[in-house]
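Here is the structure we will look at.
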Amino acid sequence: MVVRIFGADDVRRVVPMAAAVDAVREAFGELRAGNFVLPAREVFGDGAVLVMSAYHSPTRTAVVKTIGIALDQVPAIRATVVWTGAGEQLVADGTSITTLRTGAVVGVATDLLAAADATRLTVIGTGAQSADQVRAVLAVRRIAEVTLVGRDAGKAAALARALSEEFPEVKFGSGTDIDAGVGDAEVICCATSSSTPLFRADALPERVHVNAIGAFRPTMSELPRDLLASASLVVVDQEEAALEESGEVIDAVESGALPRTSLLALGDALADPPTPSGRTVFKSVGLGPQDWAIAKLLAES
């Protein structure tokens, strides 16, 4: 058997963001249809190492991702993905796949929930996930202005300069003031490892879509409880995963601020699209089918 190997540059060359968004959208349809077997995520060393897997029954293909997490390093997440199918196997850089598929699911959710004419995007966080958050939203909306907000003004400005070269038709700005950044945004992406909410709900416009992908442990939280309580729609990648790993969702549900029955799985929302209004939220902790979707595109290349 020949094992194909894809480095980070190979992943980017083979899978543009628009293709990733389409593939992840399809994967969530397959998840809703019951076509995936998803073993529980293995956690080692208090979250220092994670192992995720997914098996797609119709194609008899599987993906396994091993992730090392060190929040004091850059990048904070290092991963390897192994894809296995009938007569083929590939090994790929899982760090690029993780940022790509996390961006892609945000693209799917933004396309579903954000105003169709949204033109202003704010991204909170300037780490490894941030650039793909921008790429994903730009893949589904005609964004004219992007504001990048981070604790380090120099790092935020550098990211803005790099992305402006990639997207010269878009106006990029940067800063450190979160409230100023979200005050007139129409789409917000939170990509931080914060343990406390990043902003107050009353700092947001009345009509805005908020994506939160950075907090992946019960001790982390990017969103305020009152936003989840007052949002017209709270969509999660999977209810069980959100209630196990999302600090903000766990807090809102356990406090009674957000009824568990109000959580809407992304696959269900895609099958029967809601009519968004007011403030909408998408919270993702990441699922194996997302990795499978990107690895499938690599296998087919």
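For the numbers below, each heavy atom of this structure counts, side chains included, while hydrogens, waters and symmetry mates do not. As the structure is a prediction and not an experimental result, all values here were calculated from the model. Index from 1, following the sequence.
- Salt bridge R12/D132: present, at least one basic N to carboxylate O contact under 4.0 Å.
- A donor-acceptor contact closer than 3.5 angstrom is absent between the side chains of S284 and R101.
- Aromatic ring pairs are classed by plane angle as parallel below 30°, tilted from 30° to 60° and perpendicular above 60°; the pair F36 and W292 is perpendicular.
- The structure places CG of L113 at 8.5 Å from CZ of F282, a figure rounded to the nearest 0.5 Å.
- In this structure, D111 pairs ionically with R141, as a charged nitrogen and a carboxylate oxygen lie closer than 4.0 Å.
- At a cut-off of 3.5 Å, with distance as the only test, a side-chain donor of N211 or T110 sits close to an acceptor on the other residue.
- Put simply, the side chain of E222 never gets that close to the backbone of L198: no donor and acceptor are under 3.5 Å apart.
- In this structure, Y55 and S57 have side chains that are in contact, with non-hydrogen atoms separated by less than 4.5 Å.
- Note that CD1 of I178 and OG1 of T192 are 7.5 Å apart. Values are rounded to the nearest 0.5 Å.
- Formation of a donor-acceptor pair under 3.5 Å by the D237 side chain with backbone atoms of G286 is found in this model.
- Between the Q290 side chain and the L287 main chain, a donor and an acceptor come within less than 3.5 Å of each other.
- Looking at R279 and E206, a side-chain N of the basic residue comes within less than 4.0 Å of a carboxylate O on the acidic one, giving a salt bridge.
- Between the side chain of R200 and the backbone N or O of P224, no donor-acceptor pair lies under 3.5 Å.
- Across A19 and L297, no two heavy atoms sit closer than the pair O-CD1, 3.9 Å.
- The distance from the CG atom of L38 to the CG atom of L31 is 6.0 Å, given to the nearest 0.5 Å.
- Remark: side-chain polar atoms of S246 are not paired, donor with acceptor, to backbone N or O of L243 under 3.5 angstrom.
- Judged by distance alone, the side chain of S232 and the main-chain N or O of S277 form a donor-acceptor pair under 3.5 Å.
- Judged as a side chain to side chain donor-acceptor pair (under 3.5 Å), and not counting sequence neighbours, the contacts of R260 are E239.
- In this structure, E165 does not pair ionically with R161, as no charged nitrogen and carboxylate oxygen lie closer than 4.0 Å.
- Donor-acceptor pairing under 3.5 Å is recorded for the side chains of E186 and T119.
- To the nearest 0.5 angstrom, Q238 atom CD is 10.5 Å from D268 atom CG.
- Applying the salt bridge (Lys or Arg N to Asp or Glu O under 4.0 Å) test between E245 and each of R217, K283, R41 identifies R41 as the sole match.
- Nearest approach of S96 to A8, heavy atoms of both residues: OG-CA, 3.7 Å.
- Side chain of S130 to main chain of G127: a donor-acceptor pair is present (N/O by atom type, distance under 3.5 Å, no hydrogens or angles).
- Of the N and O atoms on the side chains of K65 and T98, at least one donor lies less than 3.5 Å from an acceptor on the other residue.
- For T176 (side chain) and G150 (main-chain N/O), no donor-acceptor pair under 3.5 Å exists by modelled atom type.
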